Each structure stands twice: as C-alpha cells, then as structure tokens.
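Since the structure comes first, as structure tokens, the remarks are kept for the end.
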Number of protein chains: 2
Amino acid sequence: MGNSRITVREIARLAGVSVATVSRVSNGTGQVSAEMRRRVLEAIEAHGYRPDHLGRALAARKHGAVGLVFPGLSGPYFTELIQGFESEAVRAQASVHILCTHLREDSDSQVLEMARRVDGVAVLGGTVSDEALRQLASRVPVVVLAGVGPAGVPSVRAENTAAMTELTRHLLVEHGLRRLAFVGSPDGSPDVSERWAGFQAAHRELSLPDPDAPLRLGLQQQDGVLAAERLLSGQPAPEAVVCANDETALGVLVGALGRGLRVPQDIVITGFDDAPISALVSPGLTTVRQPVRELAAETARRILTASDDPIDGGPEDVLLPTELVIRHSCGCPATDNP
Amino acid sequence: MGNSRITVREIARLAGVSVATVSRVSNGTGQVSAEMRRRVLEAIEAHGYRPDHLGRALAARKHGAVGLVFPGLSGPYFTELIQGFESEAVRAQASVHILCTHLREDSDSQVLEMARRVDGVAVLGGTVSDEALRQLASRVPVVVLAGVGPAGVPSVRAENTAAMTELTRHLLVEHGLRRLAFVGSPDGSPDVSERWAGFQAAHRELSLPDPDAPLRLGLQQQDGVLAAERLLSGQPAPEAVVCANDETALGVLVGALGRGLRVPQDIVITGFDDAPISALVSPGLTTVRQPVRELAAETARRILTASDDPIDGGPEDVLLPTELVIRHSCGCPATDNP
DNA sequence: CGGTTAACTGAAACCGGTTACAGGCACCAT
DNA sequence: ATGGTGCCTGTAACCGGTTTCAGTTAACCG
C-alpha cells in the first residue's frame with residue numbers, strides 16, 4: 001500500500017542484495033539469477049516500490065518529457081493538434097509539457113527555460129522569435145509545427161498555398177464569382193500567410209485585378225461573426241467570403257444566417273481545416289482538409305527519435321498533403337460528402 | 001554561447017571556489033563575500049551556466065511541475081480551463097504536464113504514473129475512477145476540478161444546479177414555455193449531471209410533469225447540430241432547447257437557422273458557460289456565466305500551495321458562483337448585454 | 001586436474017545539484 | 001594574551017537512481 005520514500009537501497013537491504021541487483025531486476029537489464037530475482041521482486045511487491053523518476057532521469061540524463069509551445073488555445077485546430085501530439089508522446093511514455101505564450105512578453109525566456117526540463121520541443125509556427133528558436137535548437141531537438149523556422153530547425157507542416165489557390169480558382173472559375181473577401185491576418189501566423197498568398201496567386205494566374213486587402217481578424221469563431229458584421233452591412237457586400245480557417249467561416253456563417261441571408265445563394269462562404277463540424281452544418285462548408293492530428297503526431301515522433309538517437313535525424317522538412325473538400329457553401333449542389 | 005554539460009563543479013573549478021559557494025551565489029542563499037561573488041558570477045556569465053533542473057529537483061525532492069488531467073479537449077470550455085491553469089502555474093515557475101485520457105482504457109495507471117513526475121495534480125471531474133483518485137491523493141496533492149471526488153480529495157467547481165434551475169424557471173415562468181428539451185448526457189460529466197438536476201428541479205418546484213429524458217449527446221458543437229436534426233424534425237418539436245453547454249447550443253442554433261427557423265420566435269435555445277462567442281451571435285445566447293478561467297486558476301493555486309507547504313491545507317471544497325445571463329435567444333427583448 | 005570462460009554479484013563511482021557541519025579568520029571584550 | 005562571536009568558506013554527505021568494473025563461483029574443456 002505505502003509507496004513513497006522507499007528507495008532502491010531500502011529494497012536492496014530488505015532483499016539482502018545489492019542496489020545494483022535491484023536496479024537490474026527493476027529494469028530487466030543484465031543477468032540476474034532466479035533466486036535473486038525472486039527475492040527482489042518479493043520485496044518490491046511487498047512495499048509497492050517504483051523507482052523514482054527524478055533519480056532515474058538524472059542518471060540517464062534524459063527527462064522523459066517533451067514540450068509543446070503554442071501561442072494560445074482556440075478552437076478545434078489547436079485541440080486536435082494537442083491531442084495528436086499528446087497521444088504520440090504518451091505512446092512513448094513521455095510526458096507532455098505545455099507552454100502557452102499568449103500575450104506574455106517574456107515568452108522567449110520561458111521557452112528557453114522549458115528546454116531545460118524536456119528532451120525536445122515542438123513550437124507552433126510564429127510563436128517565438130527565430131533567435132529564440134536558434135538558441136532553443138542549440139540545447140534540445142526542436143521542430144517547428146505548422147510553420148518554418150530559421151535554417152537548421154526542421155519543420156512539419158501542411159500544404160497551404162496550392163490548396164488555397166485551388167479553392168480560390170474553384171470560386172472564380174467554376175462559380176464565376178468575382179468580389180471575394182479574405183478574412184484573416186497574414187502576418188498573424190505562417191499558415192494564414194501562405195493561404196493569403198494562395199488566394200492572391202489564383203487571382204493573378206487568372207489575370208484578375210488584385211483582391212482587396214484581407215480583413216485582418218483573429219482565427220476564432222467570434223472573429224468570423226465580427227467579419228460578417230463588417231462585410232455584410234457594407235456596400236457592396238462581397239460575393240464570397242474566403243476565410244483563413246473553418247472557425248471564422250462558421251462565425252461568418254452564423255452571422256450571415258442570423259441576418260437572414262441564404263448561403264450559398266446570397267453569399268458564398270469557405271473555410272480551411274475541415275473541422276468535424278464543417279461537414280454537419282447546413283449548408284456543408286466547402287473547405288480544405290488538413291491532417292492536423294497527423295501533423296502533430298509526426299512532429300512528436302520526430303522529436304522523440306531525435307532525442308533518443310544521438311545522430312542528427314537531419315533537418316528534413318516534412319510537408320503533408322491537403323485536399324480540397326467541396327460541399328455546398330460554395331454553391332456546388334449539396335452532397336452527402338462527409 | 002555554449003551552455004550544456006557545464007556543471008556546478010566545473011564553475012567552481014574555474015572560479016577557484018567550492019561548489020557550495022557556487023550554489024550559494026546562484027541561489028542567493030547564505031553569505032558570500034563580494035570578491036567571491038564576483039568571481040563566481042564572472043565564471044557563470046562567461047560560460048552561460050544555468051543549474052541543471054534535474055539535479056536541483058532531485059536535491060529538493062520537488063519536481064517544479066504540476067499536472068492537469070482531462071478526458072479530452074473540445075471547445076472553449078476546455079481551452080479556457082487549460083489556459084487558466086497554465087498561466088497560474090507559469091506564474092509560480094512550475095511547468096504544466098498534461099494528460100488526455102480520452103478513449104484510453106489504461107488511463108488510471110497513466111494518471112498514477114504522472115503522479116511520479118509532478119508535485120500535484122488537477123483532475124477534471126469524471127475523468128478517472130474514485131479509486132485511482134484515492135491512490136493519486138496518497139502520493140501527491142490532488143484537486144478535482146469541476147466535479148467532486150471521494151472523501152478527502154478537495155474540489156473546485158462552479159454552482160451548476162441552482163443556476164440551471166433559475167434559467168429553467170425563467171423559461172417556464174417568464175416565457176410560459178412548456179415543452180423543454182434538455183440536450184446533454186447527465187452521466188457523462190458531473191457538470192451536466194448537476195445541470196440536468198437543476199432542470200428537473202425547476203419543473204418539480206412548479207409542479208409540472210417531469211420533463212422528457214435528456215437527449216444524450218456529447219458537448220461539442222457538432223453534437224448540437226445533431227440535436228437540432230433530431231429535435232426539429234420530430235413532431236412535436238419542443239418549444240425550447242436547453243443545452244448542457246454553449247457549444248451544443250451554438251450547434252443547435254446553427255442547425256435551427258440552417259433549416260429556416262427563427263430564434264427565438266420559432267424555437268428558444270439556451271446554453272451554459274457563456275463562451276465569448278455567445279454574446280456575439282445573433283440572437284445573443286441566453287446562458288449562465290461560469291468563471292472557468294478563475295476556476296482553473298484557483299485549482300492551480302491550491303495545488304501549488306499544497307505542494308509547497310507540508311501542512312495540509314485542508315480538503316475544503318471551493319464553490320464559485322455563477323450568474324444567469326439573459327440575452328435574446330430565450331425570447332427576451334434583444335439588448336446590448338455583452 | 002589445471003586453465004578458461006561465462007554467469008552472476010556487489011562496491012563504488014557516477015549523474016548535477018543542495019546543504020549540514022566544521023574550520024579558519026578577524027574582531028572584540030575581558 | 002585569551003576566549004568568544006560572527007562571518008565566510010570548503011569538505012563531504014546527501015537526493016535516488018544507473019552502471020562500470022573487478023571479483024567470485026561454477027561449469028566446461030583439454
């Protein structure tokens with residue numbers, strides 16, 4: 001029953017063996033005779049001994065933990081990300097430290113501090129300065145998740161630009177729409193920046209005039225509601241609202257429906273991410289599917305292997321594919337596309 | 001520039017002092033002469049020495065970390081919770097370990113494993129078994145967040161029952177509504193269970209017939225969309241949909257608006273939590289405000305002090321007040337109530 | 001039967017810090 | 001001169017594990 005405060009030496013004394021033997025038994029390393037093993041296991045069992053994590057970590061010079069740094073939590077995207085990362089870490093018996101830098105001015109130093117408590121860190125793109133990333137990378141393996149870091153720091157991200165170009169082209173060509181509004185801050189995150197670039201590229205490749213400046217708002221649902229307020233009351237309202245992610249698109253949808261507009265007849269709305277809810281709302285949201293969980297899992301795996309192997313896994317960047325998901329909110333006929 | 005692998009003994013050698021002196025300087029404990037301090041600081045500065053966290057933790061028998069255990073991440077409620085907890089922990093220089101038990105059968109043992117790496121744990125209500133909570137509490141300070149644990153394990157939660165009774169009474173009395181549908185699984189989480197109880201209580205105290213059985217769905221927005229599907233196509237549709245939280249309410253709202261219903265004229269919808277977006281949608285969502293962030297921050301504080309002080313802070317439960325927020329979705333005239 | 005060799009064991013040295021304790025020294029009061 | 005008192009400093013013993021290395025024993029081989 002009791003557990004704490006019993007050490008390996010205590011067990012050794014009780015079993016009448018040396019600490020080395022106890023360690024060997026509890027780790028399954030090295031050779032131990034059946035008799036010794038029995039005695040040790042008995043003592044361990046009787047006292048519910050479990051080796052102390054700190055002692056073990058100190059000896060192994062390994063924390064058995066990985067860190068995840070993000071700007072703030074909002075919406076399904078981040079929750080998927082965290083869960084994907086966490087499940088992969090747990091699989092490797094590593095614990096997960098989180099650091100949420102949002103609105104904290106001293107985040108660089110806190111990230112550095114975190115580096116002293118974990119074996120590797122994943123940092124969401126745009127969360128900390130390149131300089132801090134470099135320092136971080138000099139201490140522990142680092143991977144930038146959904147973004148790119150300075151040279152030498154590997155990254156894992158999804159294809160944004162081409163997918164957004166394809167989506168925008170779909171609206172411009174298939175649906176013949178013209179006045180498209182983009183909602184999102186390109187300078188706010190690398191993801192949005194790439195999506196905005198893809199949006200612009202589609203206009204350019206069709207020799208259309210440059211689109212209006214983006215409506216610089218956050219990525220949360222309430223920002224979408226705000227966007228709807230601004231875009232749908234001003235004249236002339238755009239024909240389509242291209243949102244930087246699904247959450248804002250949902251917000252715009254709620255805002256549009258709430259003021260009596262029909263989607264897609266009166267206004268077209270598109271998102272990005274393919275959050276679970278996007279398939280369920282009516283009209284279904286046309287969007288781009290991004291393998292968020294897999295992105296995070298891959299990041300976790302890279303960090304874990306990098307922290308195990310002394311050899312450098314190489315700063316290869318990983319780019320996961322995305323996929324255009326056509327539903328009804330763009331004006332295409334409603335389907336049961338999940 | 002360089003940093004790793006330099007130890008306190010190395011600094012001591014370089015500065016020509018003893019390790020004790022280095023430790024004293026780097027910790028600011030004990031008396032050190034100006035000359036010694038200068039020499040040590042110089043060496044520390046020159047080599048960018050920062051004491052190793054593991055060594056320090058082992059010596060102090062303190063991890064400098066706290067854990068947060070939750071079933072899964074979904075929506076603003078959980079993200080607020082995490083962020084509230086995290087900011088308070090960071091303030092105390094503690095790192096935050098997360099464990100997401102969702103759909104994992106061996107979560108009890110993983111929680112116990114976590115206990116060996118942190119100084120205290122916060123567990124969301126309903127996440128792990130009472131038995132596991134007891135074992136956990138025998139190792140480290142534990143607080144149940146948003147729920148109650150077994151005897152001896154303190155909890156921090158918000159007032160649910162009375163608030164839900166008040167909200168329900170409002171619908172029944174002020175608006176004269178009768179057929180109310182409740183959306184949420186009372187057995188899924190302690191919060192929902194209490195809210196369902198409050199919902200029932202309002203009916204009972206007005207001598208009305210018992211309400212229909214709850215529509216047992218999850219707490220995410222897509223569950224609300226599903227709820228709308230089931231409730232609004234069946235005959236007779238309820239007059240009001242009382243949701244276990246704001247997210248499902250938003251889902252129901254989207255579902256209702258999507259099929260051309262007007263809210264609140266055709267159907268009344270209410271939520272619980274007062275998520276940021278609930279004030280922004282149109283119609284504004286009538287709901288109950290819950291101090292989620294403060295709940296989590298208080299939890300973090302209790303854990304941190306409990307792990308500092310050897311003295312038991314006492315298993316006093318904390319119950320934070322909630323507040324009914326009347327907006328437009330219940331049928332009250334629209335206001336600018338934020 | 002002597003010599004290898006393999007299997008097993010334990011003492012002691014780590015990992016990188018903190019800290020109890022004792023010793024040295026300067027200064028002061030007898 | 002002597003004893004006492006503070007202040008500073010360093011030695012060494014922790015914290016709780018792992019691991020190297022040398023030593024013992026027994027089995028095996030020629």
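Values in this document were obtained by computation on a predicted structure and should not be read as measured data. Reckoned from all heavy atoms, side chains included, excluding hydrogens, waters and symmetry mates. Chain letters run A, B, ... following the sequence lines, proteins first, then strands; residues in each count from 1.
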For the side chain of Ala20(B), counting heavy atoms from C-beta on, which of dT18(D), dG10(C), dG10(D) is nearest?
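Output: dG10(D).
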
Of the options dT18(C), dG17(D), dG10(C), whose atoms approach the side-chain atoms of Ala59(B) most closely?
dT18(C)

Integer-rounded Å distance: [N] [atom2] and [X] [atom1]:
X        : N       : atom1 : atom2 : value
Asp52(A) : dG17(C) : CG    : C1'   : 14 Å
His53(A) : dG17(D) : NE2   : C1'   : 12 Å
His63(B) : dT18(C) : NE2   : P     : 16 Å
Arg39(B) : dT9(D)  : CZ    : C1'   : 11 Å
Arg37(B) : dC7(D)  : CZ    : P     : 15 Å
Arg9(A)  : dT18(D) : CZ    : P     : 11 Å

Residue pair Met36(B)/Leu58(A) against DNA chain D: nearer the 5' end by closest nucleotide is Met36(B)

Using a heavy-atom distance cut-off of less than 4.0 Å, which residues of residues 21-35 of chain A contact DNA chain C?
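Within residues 21-35 of chain A, the residues near DNA chain C are Thr21(A), Arg24(A), Gln31(A), Val32(A), Ser33(A).
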
Touch check for Leu54(A), heavy atoms < 4.0 angstrom, all strands: base, sugar-phosphate only, or nothing?
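Here Leu54(A) touches no strand at all.
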
Is the shortest side-chain N/O distance from [X] to OP1 or OP2 of [N] below 4.0 Å?
X        : N       : result
Arg56(B) : dT18(C) : yes
Arg61(A) : dG16(C) : yes
Thr7(A)  : dG16(D) : no

Heavy-atom count check: over 12 atoms from other residues, nucleotides or ligands less than 6.0 Å from Glu35(A) CD?
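Atom CD in Glu35(A) is crowded, with more than 12 foreign heavy atoms closer than 6.0 Å.
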
Could you check whether Arg38(A) pairs with Glu45(A) (Lys NZ or Arg NE/NH1/NH2 to Asp/Glu carboxylate O, under 4.0 Å)?
no

Would you say the side-chain atoms of [X] pair up with the backbone N or O of [Y], donor to acceptor, closer than 3.5 Å?
X         : Y         : answer
Asp108(A) : Ala132(A) : no
Asp119(B) : Gly64(B)  : yes
Asp106(B) : Ser109(B) : no

Evaluate the side-chain contact (heavy atoms from CB on, under 4.5 Å) criterion for residues Ile82(B) and Tyr77(B): first the C-alpha distance (whole Å), next the side-chain angles of each, then the deciding distance (0.1 Å), finally the verdict.
CA-CA 9 Å; Ile82(B) 294 190; Tyr77(B) 176 73; over 6 Å; no

Of Val66(B), Val69(B), Val121(B), Val118(B), which meets side chain to side chain contact (heavy atoms under 4.5 Å, CB included) against His97(B)?
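Passing option: Val118(B).
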
